[in-house]
Amino acid sequence: MVLKQVPQKQLDSVSKKYTNGKKNNYFYFLVFLFSSLLYSQTTIKGTIKDKNNETISFANVILKPQNSTAIIAYCYANENGQYTLKTDKTGDFLLFISSLSHKTFLKNITITSESKELVEDAILEYEAKEINEIIVSADRPITIKKDTITFDAKSFAQGNEQTVEDLLKKIPGLTVSDDGTIKVGNQEIEKVMIDGDDLFEKGYKILAKNMPANPIDKVELYQKYSNNKHLKGIEESEKVALNLTLKDDFKRQWFGNMQLGYGIVSENRYEVKSNLMNFGKKNKYYFLTNLNNIGLDAVGDINHLIRPFRYNEPASIGDNQSAFSLLSLGGSSPNFKENRVNFNNAEMLSLNSIFTISSKIKLKALGFLSSDEINFYRNSFNSFSVGATNFENKENYLGKNAKKSGFGKLDFTYDISKTKTFEITSKYNNSDENNKSTILFNDDLLAERLHSNNQLIDQKAVYTNKFKEKKVFILSARYINEKTPQNYAVNQFIYQDLFSDNANNLIQNSQNKMQFAGFEAHILDRKKNGNLLELKAGNQYRNDALTTSFQLKNNETIVNEPSNYQNLTQYQTNDLYVNGKYIFKYKKISYNSELEVHQLYNGLHNSNSKTSQTPFFINPKMGLEWEINKKNKINTAYSYNTSNATILEVYNNYIQTGFRSFTKGTGEFNQLEASNLMLNYTLGNWGDKFFANTFVMYVKNHDFFSTNSILDQNYSQTDKIIIKDREFFSFSSNIDKYFRAISSNLKFTFGGSKSNYKNIVNNSDFREIKGNSVNYGLELRSGFRGIFNYHLGSKWNYNEIITTISNSFTNNMSFLDLSFIMNDKINFQMQTERYYFGNLEKQNNTYYFLDLEARYVVKENKLTFTLSGNNLFDNKTFKNYSISDINVSKTEYRLQPRYVLLKMEFRF
């Protein structure tokens, strides 16, 4: 959605009493509704012509104060040469009107408080110029050149941006989620580069959450982006990426910032972060660190940095390979802002460099060290009801997770020639976790201990040869070695109904060792008529060695090692494959057909049994894309997939996966078949004033993994089984609309899903489970250039599970964020949230939150003081409600208490 910079109307005065003692954020909605009635502004309009009285279309119209370069307002003339400008400013101004091949028109204008409408027609003189290359150079906030859209950062900055992430939130068409994921429309970006160089790939959240925004000059959006430069214009790419260009003052020199914050209300609250950068022409350096215990995630999901996943992209071999861990403590967090429930003590250091050794050789080095200690508090009440089995469980859970990670990466790129490149990527990761938890389970007090480790070595080599203008050959190879050992212990024994032994504690040691090796040859041939032929052939080998040792103990004495709770499984898969793909284009229709041929060689060694198989299967895919016109596009695709089982499905004995849960695989080979159908319709383009997108997907699993479970109050024991026919249907639709009258974007989302599957519980017959969900919401974000901006919205979520009975709930979350830029020195932000849970008791089903931040700039781009307050209503706990096919759960989480931080930021 392209936000035109129509100036805001001035907010004169709004007041409303906060009555009845309730923390009711509807007060803020009234502020917005009434403020639209209190604006006062002047309209400047006219017609632009040449000396022959012919109208001039699409001329630039800019209003600036005299003796200043600041832009007060701007617009473009329409196809009839007519323009309209609106401003709430008064004083003496210059009106600039310019068009290619014409002299710029200038006129002095005085606007008083009495001015309501001014008519300023313009006649532009023809000016002949010899142009070797057309370069549009103007103070435009948005320029478009082929597949690159450039946003002028200063045109969208509102003065309160601290990080790159804050700036990107203000740019139309870009969406930044709470966890830092950046999307263009509905598509996540590939990376965030700096002056054309990429440091973090899919781990771009590290940069966006930490790098200061003030050095940014332009934000470039690359459409149809290719991660391999030789594939630009050849591969069929819908990927997008961002590039940040720096202001001249920040190039080829060291600069950065340091921010120190300490709690002045709550003790021992702190935040320390710093950035040190130098982006030269040859070498680039970016060092950053962050320490905090206020729940702030300064890096996002680090796994995206360690294991960037690119689906079905040339040379992406091995991206979907990783070793599996069997156990984790703590469970999932609520659908809630993470920093409110994250009791952390995080320390992070990242050292990143790019060295241009010569015109042909470039080396990128990245190092990442982090440690964190997270405390987790949860109280839950679960009501289980399956047939004749009914019971209730209560859990009071206190957990602590201490984690240390070290990650290093080297990228070596050698441009053999202008058409040939050789790349080597080497990664190493080592993470160590110590988890402790105390659980009051009904009347039993249990203590869990889990030690986990992850060791990863990842090597990849890619050779690219663009042997003709539109033909590329790629050869890639990869080797991965990963280990995930875990040691688990529970100090109490609550499994008397499962084991008859005289035990009072248990331990389980496990390890999954994974090795992957593969190579792939890929040819892309773009025909003169636009058609594309792709041929791919390769071989991928994976070996998993899973071992588990389960012991029942009385104090330190082992009393039993149940044979059906021990695993010694080795699983090997070798996939020899050939893939052919052809995209045929005729006028505005593009037809895509693809065929994958797989010959598998599987080997399974479980304890004393050893089996093998050689399945052969073909996966066909086809798709159709129809560009009806520039505003309407339909895309549909169908595929039939056969997939091979993983190590987590083929082991043959039970593994403990939680303090009261045990899971067992099938013990045999499995290939599962599924059909997928997709339909996508878009109206407009994401940068238009109106854009709508609808996505529909239907999946039919002809075979799927379900469960046969024994459910008891003190334990659950689950066997994986294969059942026929599972269906899943989902749809999502979103609409973006820009309203010029209020300089705001409206976004409306609507979606839902239906599913049905079967399982077995407590030796029942097959139980059919149906699930339905609906979600919808809207949000409105302003783009004013003045003192005041807002962002408000509301989201609803309905879920229903139907077995022999029906359970459902509806939740709602609403928010209102206000921003006030009083002047160049003072600004403040207010964030409010309201959560409503329909199935909780009335006194605990509604929660209000208020966060405030005030900032005082002592010296621009040098010294700033900030006062921030979080959870000012001081909510202590937070409850939510969830359902499944076997239980209803009410869970209470402890929240970060109210705190106020005084911060000082120094930039250099």
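Heads up: numbering here begins at 1 and tracks the sequence. Atoms considered below: every heavy atom in the structure, side chains included; atoms not considered: hydrogens, waters and symmetry mates.
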Under 4.5 Å between any side-chain heavy atoms of [X] and [Y], yes or no?
X: Val219; Y: Leu221; result: no
X: Met211; Y: Ile194; result: yes
X: Phe151; Y: Ile216; result: no
X: Lys427; Y: Phe407; result: yes
X: Ile294; Y: Leu901; result: yes
X: Leu902; Y: Tyr262; result: no
X: Val341; Y: Leu895; result: yes
X: Leu95; Y: Phe93; result: no

Got a donor-acceptor contact below 3.5 angstrom from the [X] side chain to the [Y] backbone?
X: Thr356; Y: Lys282; value: yes
X: Asp166; Y: Thr163; value: yes
X: Asn344; Y: Gly295; value: yes
X: Tyr204; Y: Ile182; value: yes
X: Lys247; Y: Asn214; value: yes
X: Ser782; Y: Asn789; value: no
X: Lys364; Y: Asp198; value: yes
X: Thr832; Y: Phe815; value: no
X: Lys403; Y: Ser431; value: no
X: Asn875; Y: Tyr848; value: yes

Not counting sequence neighbours, which residues clear ring pair (Phe, Tyr, Trp, His ring centres under 6.0 Å) with [X]? List them please.
X: Phe865; result: none
X: Tyr847; result: Phe878
X: Phe828; result: Phe820
X: Tyr83; result: none

Original post:
So does Asp197 pair up with Lys362, basic N to acidic O under 4.0 Å?
Top reply: yes
Q. Salt bridge check: are Asp851 and Arg340 linked by an N-O gap of less than 4.0 Å?
A. yes
For [X] against [Y], the heavy-atom pair lying closest together:
X: Met277; Y: Gly256; answer: CE-CA, 4.0 Å
X: Phe156; Y: Glu161; answer: O-OE2, 4.3 Å
X: Phe908; Y: Asn275; answer: CZ-O, 4.1 Å
X: Ala241; Y: Met193; answer: CB-CE, 4.3 Å
X: Phe255; Y: Phe250; answer: CE2-O, 3.3 Å
X: Ile189; Y: Lys202; answer: O-NZ, 3.5 Å

Residue pair Gln223, Ile149: steps toward the side-chain contact (heavy atoms from CB on, under 4.5 Å) verdict: CA-CA 8 Å; Gln223 302 180 98; Ile149 301 175; 3.6 Å; yes
**Request:** Any chance you could lay out the side-chain hydrogen bond (donor to acceptor under 3.5 Å, both in side chains) test for Asn352 and Ser350, step after step, and finish with the verdict?
**Result:** CA-CA 6 Å; Asn352 318 283; Ser350 184; 3.0 Å; yes
The complete set of salt bridge (Lys or Arg N to Asp or Glu O under 4.0 Å) pairs with one or both residues in residues 815-825, sequence neighbours excluded, reads none
Which pairs pass salt bridge (Lys or Arg N to Asp or Glu O under 4.0 Å) with one or both residues in residues 899-908, sequence neighbours excluded?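 Those involving residues 899-908 are Glu271-Lys903, Glu905-Arg907.
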Subject >> Reference residue Glu190; test salt bridge (Lys or Arg N to Asp or Glu O under 4.0 Å); the match among Lys239, Arg310, Lys224, Lys183 >> reply: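 Looking at Lys239, Arg310, Lys224, Lys183, the match for Glu190 under the salt bridge (Lys or Arg N to Asp or Glu O under 4.0 Å) is Arg310.
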Just to verify, what does [X] make a side-chain hydrogen bond (donor to acceptor under 3.5 Å, both in side chains) with, not counting sequence neighbours?
X: Asn342; result: none
X: Thr175; result: Lys747
X: Lys273; result: none

Original post:
Does the pair Lys191 and Tyr225 meet the rule for a side-chain contact (heavy atoms from CB on, under 4.5 Å), with working shown?
Top reply: CA-CA 10 Å; Lys191 59 184 66 171; Tyr225 179 76; 3.4 Å; yes
Would Lys218 and Asp152 count as a side-chain contact (heavy atoms from CB on, under 4.5 Å) here? Give the steps. CA-CA 5 Å; Lys218 301 286 193 301; Asp152 185 12; 3.9 Å; yes
Pair [X]-[Y], side-chain donor/acceptor within less than 3.5 Å:
X: Asn293; Y: Asn345; answer: no
X: Asn734; Y: Ser732; answer: no
X: Asn227; Y: Glu313; answer: yes
X: Thr104; Y: Ser98; answer: no

Please check if atom [atom1] in [X] has more than 12 non-hydrogen atoms from other residues, nucleotides or ligands closer than 6.0 Å.
X: Lys251; atom1: NZ; answer: yes
X: Glu188; atom1: CD; answer: yes
X: Lys232; atom1: NZ; answer: yes

Sequence neighbours excluded, the answer for salt bridge (charged side-chain N to carboxylate O under 4.0 Å, His left out) partners of Glu853 is Arg855
Who pairs with Lys862 by side-chain contact (heavy atoms from CB on, under 4.5 Å), at least two apart in sequence or on another chain?
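Partners of Lys862 by the side-chain contact (heavy atoms from CB on, under 4.5 Å) criterion, ordered by chain and then number, come out as Lys859.
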| message | Distance to the ring centre below 6.0 angstrom and angle to the axis at most 45 degrees; does that hold for Lys64 and Phe96? | response | yes
Under the criterion side-chain hydrogen bond (donor to acceptor under 3.5 Å, both in side chains), I'd like the reasoning laid out for Asp736 against Asn745: C-alpha separation, chi angles, the key distance, then a yes or no.
CA-CA 7 Å; Asp736 287 281; Asn745 274 339; over 6 Å; no
Practice problem: Mind running side-chain contact (heavy atoms from CB on, under 4.5 Å) on Leu174 and Val184 for me, showing each step along the way? | Solution: CA-CA 5 Å; Leu174 298 185; Val184 177; 3.5 Å; yes
Applied to residues 271-308, the ring pair (Phe, Tyr, Trp, His ring centres under 6.0 Å) test, sequence neighbours excluded, yields Trp254-Tyr285, Tyr285-Phe355
